Amino acid sequence: MTDVSEYLRGLFGLEGRRALVTGGGRGIGRGLSLALARAGAAVVVTDVDRDGATEVARAIEDAGGRAVALEMDCMEESSVVRGVAGAASELGGLDILVNNAGVYPLHTLEDMEQELFDDVYRLNVRGTFLCTREAVKAMRESGGGGAILNLASGAGKRGLQPGLGAYGPSKAAVIQFTRNAAVEFAPDGIRVNAIAPGFVRTEGTDPLFAGGLGEQLLAHQPLKIIGTPEDLVGIAIALLSQAGSFVTGATYVIDGGFLLL
Ligand SMILES: NC(=O)c1ccc[n+]([C@@H]2O[C@H](COP(=O)([O-])OP(=O)(O)OC[C@H]3O[C@@H](n4cnc5c(N)ncnc54)[C@H](O)[C@@H]3O)[C@@H](O)[C@H]2O)c1
């Protein structure tokens with residue numbers, strides 16, 4: 001028998017892999033960037049907020065990992081084209097993409113301006129498409145397949161609450177995009193999966209928690225856990241590593257059972 005850590009490293013280890021994370025400057029993107037680096041990947045932390053990306057890249061390097069910070073706006077095609085190509089050239093190729101950047105403004109449909117609806121789609125859906133398109137080019141050039149992880153949401157599967165009328169449909173689109181991209185890129189050995197978290201405490205959701213979301217959540221969620229970015233890490237790494245080699249087009253709900261009730 002091999003020892004346990006060697007066995008687990010073979011399944012979940014990301015040594016030698018080159019990863020790009022969008023919106024990696026805080027919240028879930030930050031947590032996933034740190035986790036990928038801990039699992040052995042070199043990580044390009046991208047964000048529209050350059051300072052956030054720089055802080056996360058520095059935290060990875062301080063912990064002994066390899067990381068580079070890059071300013072990249074997923075709403076702008078030219079920025080994505082430049083950013084993904086720059087990341088691949090910095091790392092000598094690309095094997096992993098995490099499409100994390102997203103917005104979730106709470107707004108009722110009746111008085112929603114079309115610009116707000118468009119902006120949500122522009123980042124959550126079109127941004128996911130643009131980053132995927134560019135990353136796949138870089139992965140093909142790297143020659144060894146690849147793995148993509150999209151951030152969907154429980155809101156893409158259920159109505160949940162008023163105010164998610166732009167966000168929910170955008171994440172449903174991410175779930176379907178994951179399936180279409182999985183079919184299209186399978187011949188290249190590129191797997192495309194998604195995770196659909198329930199509410200996770202981040203800088204972005206902090207205002208909602210301040211408004212009593214935590215108590216509401218615990219009343220309706222079987223596991224009674226306020227999720228953190230770290231709670232997403234295990235499944236994310238499984239999907240991006242050898243452990244997930246037979247999985248593509250899937251969306252994994254990670255929500256303490258919230259959608260069950
Ligand atoms: N937090 C949750 O409860 C939750 C639940 C389900 C899904 N999600 C999804 O997870 C992802 C991250 O959520 P979070 O709570 O960590 O968000 P957050 O608001 O805390 O962080 C988002 C990050 O994305 C960056 N960003 C914003 N616009 C960008 C752009 N145009 N280009 C590049 N980067 C941009 C921000 O600067 C920020 O660093 C989102 O896609 C969100 O929809 C979050």
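Indexing begins at 1, ligand by ligand and atom by atom, following the structure's order. Everything numeric here is computed off the predicted structure, so don't read it as measured data.
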Would you tell me which option among [options] has the nearest heavy-atom contact to [atom]?
atom                    : options                       : result
atom 26 (N) of ligand 1 : Asn150, Thr202, Val48, Asp119 : Val48
atom 36 (C) of ligand 1 : Val120, Thr46, Asp47, Asp49   : Asp47
atom 13 (O) of ligand 1 : Tyr167, Phe199, Tyr104        : Tyr104
atom 12 (C) of ligand 1 : Leu32, Thr22, Asp51, Asn100   : Asn100

Which atom names give the shortest non-hydrogen contact between [X] and [Y], and what distance separates them?
X      : Y      : result
Pro105 : Leu116 : CG-CD2, 4.0 Å
Ala59  : Leu34  : CB-CD2, 4.2 Å
Cys74  : Thr22  : SG-CB, 3.7 Å

Close-contact set for ligand 1 against [X] heavy atoms, below 4.0 Å:
X      : result
Ile28  : 1 (N), 4 (C), 10 (O), 13 (O), 16 (O), 44 (C)
Asp73  : 30 (C), 31 (N), 32 (N)
Thr205 : 1 (N), 2 (C), 3 (O)
Met72  : 32 (N), 33 (C)
Ser153 : 6 (C), 7 (C)
Cys74  : 30 (C), 31 (N), 32 (N), 33 (C)
Gly102 : 40 (C), 41 (O)
Gly27  : 16 (O)

Protein heavy atom at shortest distance from [atom]:
atom                    : answer
atom 28 (N) of ligand 1 : Leu123 CD2, 3.6 Å
atom 6 (C) of ligand 1  : Pro197 O, 3.4 Å
atom 5 (C) of ligand 1  : Gly198 O, 3.2 Å

Less than 4.0 Å between a side-chain N and a carboxylate O, is that true for [Y] and [X]?
X      : Y      : answer
Arg133 : Glu77  : yes
Arg9   : Glu15  : yes
Lys137 : Glu134 : yes
Glu76  : Arg122 : yes

Quiz item: Under 3.5 Å, is there a donor-acceptor pair linking the side chains of Thr132 and Asn99?
Solution: yes

Quiz item: Is Val200 close to ligand 1, meaning an N/O of one under 3.5 Å from an N/O of the other?
Solution: yes

Any heavy-atom pair between the side chains of [Y] and [X] that's under 4.5 Å?
X      : Y      : answer
Thr128 : Phe177 : yes
Met139 : Ile148 : yes
Asp206 : Thr202 : no

Test item, [X] contacting ligand 1 (heavy atom, 4.0 angstrom):
X      : value
Gly127 : no
Ala196 : no
Lys171 : yes

